[in-house]
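These notes concern the structure reproduced below.
Bear in mind that the values here come from a model prediction, so they are computed numbers and not experimental data.
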Amino acid sequence: MTDASLGTPAQLRDPNYTPALSKAVPLGIQHVLAMFVSNVTPAIIVAGAAGFGFGSDAGAQGFPDMTYLIQMSMLFAGIATLFQTIGMGPVGARLPIVQGTSFAFLPIMIPLVAGKGVDALPALFGGVLVGGLFHMTLGTFIGRIRFALPPLVTGLVVTMIGLALVKVGIQYAAGGVPAMDKPEYGSLLNWSAALVVIVTTLGLKFFTRGMLSVSAVVIGIALGYVYALAMGMVTVEGIATSWNRAATVALPIPFAYGFEFSFAAIVGFCLMAFVSAVETVGDVSGITKGGAGREATDAEITGATYADGLGSAIAGVFGGFPNTSFSQNVGLIAMTGVMSRHVVTIGALFLILCGLVPKVGAVIRTIPIEVLGGGVIVMFGMVVAAGISMLSDVNWNRRNMVIFAISLSIGLGLQLEPNAVQYLPDTLRILMTSGLLPAALIAIVLNLLLPEQLSDESTEEVSGGLSGYGKGSLEKRT
């Protein structure tokens with residue numbers, strides 16, 4: 001139930017209304033807590049995949065440090081959020097939209113950097129910049145391309161994103177890639193730390209309400225961190241060393257890792273921009289419906305897409321990752337009943353402050369990988385669940401089953417067996433082994449080209465007799 005002291009019902013539905021600061025500041029920090037772990041996790045995963053994350057001697061390499069990537073994730077999530085809440089000309093929806101680093105791009109980023117260390121980062125951030133600029137251009141005609149991305153396609157893509165990442169969660173919970181060849185990999189101690197996070201998160205999600213439920217993952221990781229400290233998986237000395245090494249205040253550095261343009265990176269980021277743009281359209285619609293009881297305007301949708309792209313492009317210049325609207329914060333607005341964009345602006349300022357203080361990132365990097373693994377298992381599992389939820393809106397006729405079957409088989413198969421395309425040129429091989437892009441492209445093309453109806457005979461022979469089990473088919477067969 002909404003707190004009546006926050007304002008009248010009309011005020012709470014108004015994006016331009018500002019509650020009293022004593023109420024607005026805690027509400028703004030709530031928005032940050034709801035997205036904090038999800039926002040910094042991609043930086044940790046990319047650093048680990050490149051080889052200078054957990055278990056590496058990052059300090060000996062000098063500047064290339066996971067702390068900087070975490071810092072940029074917080075800073076540019078805050079800046080991109082300000083683009084949405086305050087706006088600049090046509091940029092920004094001027095709605096309470098929280099921006100953050102997108103999981104959607106991880107299946108593209110991981111193959112680009114895998115095992116290449118810092119040498120892979122110039123091309124990665126070149127792709128982020130160009131992809132962000134392309135994302136901006138989508139704002140001018142986003143409404144006209146939505147027909148190419150129905151729930152069948154978007155649900156498949158989101159499901160594939162989750163499936164591509166669940167392996168990361170299991171690896172982290174077992175001890176991480178650097179520990180794979182060591183006896184402690186998969187030990188009971190490692191799994192116990194991950195399970196503390198999982199059990200705490202589930203308990204809070206199912207048996208509490210309000211902010212405790214919304215912040216379940218971050219609270220679970222905090223308790224897992226305490227458990228790891230008690231079990232000696234992290235030490236006070238280690239935390240102090242990381243804290244002392246980090247500067248108190250540091251500004252972002254343009255082209256910090258260098259810059260180059262890679263065809264594979266540019267194509268990957270531009271294609272994923274379509275998916276991210278459609279996700280933002282859904283979030284804007286969800287905010288206006290849940291918070292104000294109305295449909296989103298064309299100007300709001302266009303402005304939100306511009307802000308997505310601009311925030312991502314600027315982040316790429318300074319060593320940050322693509323930003324998109326965070327769906328969990330849409331649910332938080334529905335829960336609090338407060339539509340004020342100025343509340344989210346306060347949260348954005350808090351994120352920017354954290355991003356300018358490297359000591360925050362230095363503490364985050366001391367979280368044991370097993371603890372983070374527990375949170376990642378929950379988060380990426382929820383991505384899969386969100387994709388399946390989107391697929392529930394699909395009319396599962398034989399045509400759509402064939403499209404889904406072929407797209408999923410090829411996309412997931414290439415993820416599981418990347419050596420199957422080892423003789424392709426490097427650019428094409430990286431794009432194919434992401435699994436996500438081939439699945440999305442196949443689904444989009446088939447959805448546009450195949451006739452609306454396929455006959456029973458068209459699918460029965462390849463489905464083992466199961467193609468008829470769509471809506472109402474069980475009664476037909478029995």
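With sequence neighbours left out, the side-chain hydrogen bond (donor to acceptor under 3.5 Å, both in side chains) criterion links S407 to no other residue. Partners of I410 by side-chain contact (heavy atoms from CB on, under 4.5 Å), not counting sequence neighbours, listed by chain and number: I406, L414, I442. Under the rule for a side-chain contact (heavy atoms from CB on, under 4.5 Å), the partners of S213 that lie at least two apart in sequence or sit in another chain are K205, T208. By the side-chain hydrogen bond (donor to acceptor under 3.5 Å, both in side chains) test, S192 is found to be paired with Y227, residues two or more places apart in sequence or in another chain being considered. For Y225, the side-chain hydrogen bond (donor to acceptor under 3.5 Å, both in side chains) criterion is met by T366, not counting sequence neighbours. The side-chain hydrogen bond (donor to acceptor under 3.5 Å, both in side chains) check on T433 picks up nothing, with sequence neighbours excluded. Checked against side-chain contact (heavy atoms from CB on, under 4.5 Å), I388 has the following partners two or more places apart in sequence or in another chain: T159, V384. In this view, D283 and E279, S325, S327, V330 satisfy the side-chain contact (heavy atoms from CB on, under 4.5 Å) rule, not counting sequence neighbours.
Annotation: side chain of F105 is in contact with side chain of S276 (closest heavy-atom distance under 4.5 Å). Using a 4.5 Å cut-off on side-chain heavy atoms (C-beta onward), Y185 and D181 make no contact. You'll find the side chain of L165 stays beyond 4.5 Å of the side chain of V383, heavy atoms only. Taking the side chain as every heavy atom from C-beta outward, E184 and L189 never approach each other to under 4.5 Å. The closest side-chain heavy-atom distance from Y306 to F83 is not below 4.5 Å. Counting heavy atoms from C-beta on, the side chains of L95 and V284 come closer than 4.5 Å. Within the 4.5 Å cutoff, no side-chain heavy atoms of I364 are placed close to those of M66. Residues I287 and I97 meet the side-chain proximity criterion, which asks for heavy atoms closer than 4.5 Å.
Judged by distance alone, with hydrogens and angles left aside, the side-chain atoms of T235 form a donor-acceptor pair with the main-chain N or O of G238 at under 3.5 Å. In this structure, K359 contributes its side chain and W243 its backbone to a donor-acceptor pair below 3.5 Å. Judged by distance alone, with hydrogens and angles left aside, the side-chain atoms of W191 form no donor-acceptor pair with the main-chain N or O of E370 at under 3.5 Å. Not a single donor-acceptor pair under 3.5 Å links the side chain of D393 to the backbone N or O of P151. Remark: side-chain polar atoms of R399 are paired, donor with acceptor, to backbone N or O of N447 under 3.5 angstrom. For S392 (side chain) and S389 (main-chain N/O), a donor-acceptor pair under 3.5 Å exists by modelled atom type. Counting only distance, with no hydrogens or angles, the side chain of T288 and the backbone of S285 share a donor-acceptor pair below 3.5 Å.
Atoms CD and CG, on Q415 and L436 in that order, are 7.5 Å from each other to the nearest 0.5 Å. In this structure, SG on C270 lies 11.0 Å from NE2 on H135, to the nearest 0.5 angstrom. Taking CG of L310 as the start and CD of Q84 as the end, the distance is 10.0 Å to the nearest 0.5 Å. Put simply, OG1 on T305 and CE on M136 are 10.0 Å apart, with the number rounded to the nearest 0.5 Å. A distance of 7.0 Å separates CD1 of I108 from CG of L431, quoted to the nearest 0.5 Å. Taken to the nearest 0.5 Å, the CD atom of Q422 stands 9.0 Å off from the CD atom of E417.
Between N323 and S312, the side chains place no donor N or O within less than 3.5 Å of an acceptor N or O (distance only, hydrogens not considered).
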For the pair L106 and I45, evaluate side-chain contact (heavy atoms from CB on, under 4.5 Å) and give the outcome as yes or no after the intermediate values.
CA-CA 8 Å; L106 277 175; I45 290 173; 4.0 Å; yes

May I have the step-by-step check of ring-ring contact (aromatic ring centres under 6.0 Å, His included) for F261 and F263, ending in yes or no?
CA-CA 7 Å; F261 295 109; F263 181 73; over 10 Å; no

Between L33 and F350, does the side-chain contact (heavy atoms from CB on, under 4.5 Å) criterion hold? Intermediate values first, please.
CA-CA 11 Å; L33 290 176; F350 183 75; over 6 Å; no

Given Q71 and V360, is the side-chain contact (heavy atoms from CB on, under 4.5 Å) satisfied, shown in steps?
CA-CA 8 Å; Q71 181 186 346; V360 176; over 6 Å; no

From CA spacing to verdict: side-chain contact (heavy atoms from CB on, under 4.5 Å), V197, L223:
CA-CA 7 Å; V197 180; L223 287 180; over 6 Å; no

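The minimum heavy-atom distance between A362 and T67, with the atom names listed, is N-CG2, 3.6 Å. Listed here is the closest heavy atom pair of F326 and S38: CE2-CB, 3.7 Å. When all heavy atoms of I403 and L152 are compared, the closest pair comes out as CG2-CD2, 3.8 Å. Contact between L156 and A443 at its shortest, heavy atoms only, is CD2-CB, 3.6 Å. Nearest heavy atoms, A216 versus L204: CB-CB, 3.8 Å. Smallest separation of non-hydrogen atoms from G169 and V376: CA-CG1, 3.6 Å.
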Can you give the donor-acceptor pairs under 3.5 Å from side chains of residues 72-81 to other protein atoms, not counting sequence neighbours?
from: S73; atom 1: OG; to: L69; atom 2: O; distance (Å): 3.0
from: T81; atom 1: OG1; to: A77; atom 2: O; distance (Å): 2.6
from: T81; atom 1: OG1; to: Q99; atom 2: N; distance (Å): 3.0

Do any side-chain atoms of residues 117-131 form donor-acceptor pairs under 3.5 angstrom with protein atoms, and if so which ones, sequence neighbours left out?
none

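Among residues at least two apart or in separate chains, ring pair (Phe, Tyr, Trp, His ring centres under 6.0 Å) pairs with a member in residues 360-390 are F103-F380. Applying the salt bridge (charged side-chain N to carboxylate O under 4.0 Å, His left out) definition to pairs two or more places apart or across chains, those involving residues 423-435 are D426-R429.
In this structure, N419 places its CG atom where more than 12 heavy-atom neighbours from other residues, nucleotides or ligands lie under 6.0 Å away. Residue K167 places its NZ atom among 12 or fewer non-hydrogen atoms of other residues, nucleotides or ligands, all under 6.0 Å distant.
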